[in-house]
Each structure stands twice: as structure tokens, then as C-alpha cells.
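Step one of this worksheet: look at the structure below.
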Amino acid sequence: MGNKKSKKAEIRQLTEEEIQSILENTEYTREQISEFHQNFTKVYPSGILQKDEFCKLYNQLHPTKKSDKYLKQIFQMFDADKDGVVTFGEFMITVFLQGRKQPEEKLRLVFRMYDHNCNGFIEKTEIEAILHSIADNCNQIEYDELVDWDENHSGHLNEQEFVNFIMNNPKLKSFFLDLIKLYE
């Protein structure tokens, strides 16, 4: 919890470290970042979005999308460090990445959404739960089609393995890219 307080105090003024992170992960200029930050802090003076604020903002931006059951996942995608809040930097980087056109880049966002402990891997139990959930909620996909996800038998997938697995399965690729459209 102390982490959230320190983030609030730190974010009020945009730090050079955060500017550098946004510059390295997006194509925004320093001037654009500064302007976006000024507008962001007019609405969110603390410089962060709590989950309830994020959900309210998302619903305002996407009033026609039926996304209530996905809001937790959408929030997790934006909350890159999984500390329960979305910083300005996390917000800017995710918004930028969402706008990318390449499916692989969009699938990297999906990976981030499921890497709950931020260790760079999605573990076997998490993958199986994700795949069962997809099979249960998508009439076109059967779980048996998805059992070959662990080609090297490591018990987890790193980001590139996840992207490759999804890209090589047309039904999953379609499912996840449609899911990302919910967020755009």
C-alpha cells in the first residue's frame, strides 16, 4: 500500500525517468508527452488512475461496448507493474501500443494482461485456465485444439513463445485480436 502513496507523490510532476520510459516505448515526442501530461493531470491531479476511475473513464470513452466482464483484464493490461493503479506512463505506453497495427504488437499487450506477477512468463496453470476459459466462451474453439501450447515442455510461456503460439493458431489469433478490439 505504501507503494501507491509513493507513486502518488512522485507522479504529480512528470519525472525524467518516466519521460525516458515513454520516449523509449512510444513514438511520442517530449513535447507531446508534456502536453498529454498537462491534460491528464487536469483530470487526475494525482497523476494516477485508481481502478474505479479507470473503469469510469473507459466506459465514458466506449459507451457502446459491452465490456463489463473484461474491465478487470483491460485494467490489468494498462497496469503494467500490477500495483493496482495506472500511472500516466503506463497509460501513455499502452494507448500507444494499442494503436499499433501489427498483430504481434497487440498480442504483446495481451501477454502483459495475463502476466499477473510481472515475471515475464505465463505459468502452466494460468495458461490452462486462460485456454479453458476461451474454449468455454468461444463456440469455434475446443480445448483439445490448444493442448500443444508448451512445445519445449518448460511449463510456461515467455512473451515471444506466447505470441508465436497465438499467431500459429488462426482461431486463437482471431479470438485475441477481436478481444483487443474491445479495448480500442
Side-chain angles (χ1 to χ4, degrees), residues 1-122 126 129-130 133 137 159 162-163 175-184:
M1 193 151 191
N3 191 17
K4 289 181 188 176
K5 286 183 180 179
S6 65
K7 233 181 192 183
K8 283 184 185 180
E10 186 179 310
I11 294 298
R12 242 181 222 291
Q13 296 299 316
L14 192 56
T15 65
E16 184 59 30
E17 181 181 331
E18 192 165 23
I19 293 170
Q20 286 304 315
S21 176
I22 297 168
L23 287 169
E24 289 169 10
N25 290 289
T26 71
E27 294 172 4
Y28 297 130
T29 65
R30 186 175 285 275
E31 293 75 27
Q32 288 173 312
I33 295 167
S34 179
E35 184 179 330
F36 290 143
H37 185 259
Q38 286 175 344
N39 291 328
F40 188 86
T41 55
K42 284 179 186 173
V43 181
Y44 305 103
S46 67
I48 61 171
L49 285 166
Q50 299 291 338
K51 188 174 182 178
D52 60 331
E53 294 172 316
F54 177 86
C55 293
K56 182 178 176 183
L57 172 65
Y58 187 84
N59 285 324
Q60 288 172 344
L61 293 173
H62 305 286
T64 60
K65 294 194 177 183
K66 300 279 186 198
S67 59
D68 290 343
K69 70 180 186 176
Y70 295 109
L71 272 176
K72 180 181 178 189
Q73 291 174 321
I74 296 168
F75 181 80
Q76 288 174 339
M77 183 174 62
F78 276 79
D79 182 17
D81 62 5
K82 307 294 187 254
D83 66 349
V85 296
V86 175
T87 66
F88 172 74
E90 289 170 327
F91 184 81
M92 291 302 297
I93 292 168
T94 305
V95 166
F96 174 80
L97 291 174
Q98 272 188 305
R100 305 303 291 173
K101 301 298 181 213
Q102 297 301 317
E104 292 87 352
E105 292 178 83
K106 292 183 180 204
L107 290 172
R108 291 183 196 292
L109 283 176
V110 173
F111 176 85
R112 204 167 90 188
M113 182 169 66
Y114 289 116
D115 181 14
H116 298 293
N117 59 2
C118 298
N119 68 352
F121 297 98
I122 302 176
E126 294 170 318
I130 292 165
S133 175
N137 292 302
E159 185 177 276
F162 177 82
V163 169
F175 176 83
F176 279 113
L177 293 177
D178 285 347
L179 183 66
I180 281 289
K181 286 179 188 174
L182 278 175
Y183 309 149
E184 295 176 332

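Taken from CZ in F54 to CD1 in I48, the straight-line distance is 13.5 Å, to the nearest 0.5 Å. Note that the CE atom of M92 and the CD1 atom of I19 stand 11.5 Å from one another [nearest 0.5 Å]. With rounding to the nearest 0.5 angstrom, the CG atom of D79 is 8.0 Å from the OG1 atom of T87.
In terms of heavy-atom proximity, F75 sits nearest to V86 at CE1-CG2, 3.5 Å. The two residues D81 and E90 come nearest to each other via the heavy atoms OD1-OE2, 2.9 Å.
The backbone N or O of T15 lies less than 3.5 Å from no partner atom in the side chain of E18, so there is not a single donor-acceptor pair. E104 contributes no side-chain N or O that, together with a main-chain N or O of V163, makes up a donor-acceptor pair within less than 3.5 Å.
Counted within 6.0 Å of NZ on K56, heavy atoms from surrounding residues, nucleotides or ligands total 12 or fewer; the atom is thus considered open.
Taking the charged nitrogens against the carboxylate oxygens, E16 and R30 do have a contact shorter than 4.0 Å, which makes a salt bridge.
Just one residue in the list F96, F88, F91 forms a ring pair (Phe, Tyr, Trp, His ring centres under 6.0 Å) with F78, and that residue is F91.
Ring centroids of F40 and Y44 are separated by less than 6.0 Å, placing the two rings close together.
Contact check for Y28 versus I22: side-chain heavy atoms found under the 4.5 Å cut-off. Side chains of S21 and I93 form a contact here, defined as non-hydrogen atoms less than 4.5 Å apart.
Listed by chain and residue number, nothing satisfies the salt bridge (Lys or Arg N to Asp or Glu O under 4.0 Å) test with E31 (two or more places apart in sequence, or in another chain).
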